[in-house]
Amino acid sequence: GLVCTAWILQTKGPQNRSQLIQHMARMMTGDVDHERLLDCLQNGIGLVGVYGYQNGDLIAFRHLTFQEYLVAQYLAEEWRADAKTTWQRIKPYTHRPQWLEPILLAGHLLDMQEATRLAQLLLSAGSLYERELRRNLQLAARLIGDRVTLDESLEKQIIDRLLQIS
């Protein structure tokens, strides 16, 4: 339930209570009391809180680091099960600043072969304006800078591409 809640809040942003419970019901299978789970997360262990926004009270993680780590854990588990599908799920988010930490943390949770595949997919993603902005190259380089273990030849390729920028 905790990882599911983190994923929902990462992909959809802060939610009001009824929205969050609806998303949890769609994502979580089995006999789960979503109201009780949310109460536990909020009042029991205190990981999520209710915050007043212009459009009402919304639920969010009290400390974004918990959300980012749980999302990274989810991404790594999903990546190991089906990298291709997971890539399709996260590709639209790769240039959003709020996804930087979950992607970097997921890189740490993957083994070298899996992290290398992530970096290769980033480099070959063919994003709009990549030639000018080099956002995919920058994210792949951030994996190296964050000390994610990648194949040595790919690390060299990324560094060489960075050095060619003038």
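- Taking the side chain as every heavy atom from C-beta outward, Leu20 and Val48 never approach each other to under 4.5 Å.
- Residues Leu37 and Gly1 share a closest heavy-atom pair of CD2-CA, 3.6 Å.
- Arg17 is listed as a side-chain neighbour of Asp39, based on a closest heavy-atom distance under 4.5 Å.
- Under a cut-off of 6.0 angstrom, the local environment of CZ in Arg26 is crowded, with over 12 non-hydrogen atoms contributed by other residues, nucleotides or ligands.
- Two residues are said to be in side-chain contact when any heavy atoms from C-beta on lie closer than 4.5 Å; Thr5 and Met24 meet this criterion.
- Between Gln98 and Glu68 there is no side-chain heavy-atom pair separated by less than 4.5 Å.
- Annotation: side chain of Tyr69 is not in contact with side chain of Leu64 (no heavy-atom distance under 4.5 Å).
- Summarising the local packing, NE2 of His63 is surrounded by 12 or fewer heavy atoms from other residues, nucleotides or ligands at distances under 6.0 Å.
- At most 12 non-hydrogen atoms from other residues, nucleotides or ligands lie less than 6.0 angstrom from CZ of Arg142.
- Residue-environment remark: CD (Glu132) exceeds the threshold of 12 foreign heavy atoms within 6.0 Å.
- Leu105 and Leu110 fall into different hydrophobic clusters, where Ile, Leu, Val, Met, Phe, Trp and Tyr side chains are chained together by heavy-atom contacts under 4.5 Å.
- Rounding to the nearest 0.5 angstrom, the gap separating the NZ atom in Lys84 from the CG atom in Leu121 is 10.5 Å.
- A distance of 4.5 Å separates OG1 in Thr116 from CG in Leu150, rounded to the nearest 0.5 Å.
- Distance check: Tyr93 OH to Ile103 CD1 gives 11.0 Å after rounding to the nearest 0.5 Å.
- Arg161 and Leu123 get closest at one heavy-atom pair: NH1-CD2, 3.6 Å.
- Residue Arg36 qualifies as open at atom CZ: its count of foreign heavy atoms under 6.0 Å is 12 or below.
- Here the straight-line distance linking atom NZ of Lys156 with atom CD1 of Ile159 works out to 8.5 Å at 0.5 Å rounding.
- Atom CG of Leu143 sits about 12.5 Å away from atom CD of Gln138, to the nearest 0.5 Å.
- Residues Leu109 and Leu75 are members of separate hydrophobic clusters, defined by side-chain heavy-atom contacts under 4.5 angstrom among Ile, Leu, Val, Met, Phe, Trp and Tyr.
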Stepwise side chain to side chain contact (heavy atoms under 4.5 Å, CB included) check, Ile59 with Tyr51: CA-CA 6 Å; Ile59 296 172; Tyr51 300 94; over 6 Å; no

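- Closest approach of Arg147 and His108 over heavy atoms only: O-CE1, 3.5 Å.
- In this structure, Met28 and Val32 approach most closely via the heavy-atom pair CE-CG1, 3.6 Å.
- Hydrophobic cluster membership differs between Tyr53 and Ile8, with clusters built from Ile, Leu, Val, Met, Phe, Trp and Tyr side chains linked at under 4.5 angstrom.
- Between Asp151 and Arg117, none of the side-chain N atoms (NZ, or NE/NH1/NH2) sits under 4.0 Å from a carboxylate O, so this pair counts as no salt bridge.
- Leu47 and Tyr74 fall within a single hydrophobic cluster, where Ile, Leu, Val, Met, Phe, Trp and Tyr side chains are chained together by heavy-atom contacts under 4.5 Å.
- Side chains of Trp87 and Thr94 form a contact here, defined as non-hydrogen atoms less than 4.5 Å apart.
- Judged as a ring pair (Phe, Tyr, Trp, His ring centres under 6.0 Å), and not counting sequence neighbours, Phe61 has no contacts.
- Heavy-atom neighbours of Tyr129 OH from other residues, nucleotides or ligands within 6.0 Å: at or below the threshold of 12.
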Evaluation steps, side chain to side chain contact (heavy atoms under 4.5 Å, CB included), between Gln88 and Thr85: CA-CA 5 Å; Gln88 293 306 315; Thr85 301; 5.7 Å; no

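- Of all heavy-atom pairs between Gln73 and Val3, the closest is OE1-CG2, 4.3 Å.
- The environment of Phe66 atom CZ is sparse: at most 12 non-hydrogen atoms of other residues, nucleotides or ligands sit within 6.0 angstrom.
- Hydrophobic clustering of Ile, Leu, Val, Met, Phe, Trp and Tyr side chains at less than 4.5 Å, counting indirect connections, unites Ile165 with Ile144.
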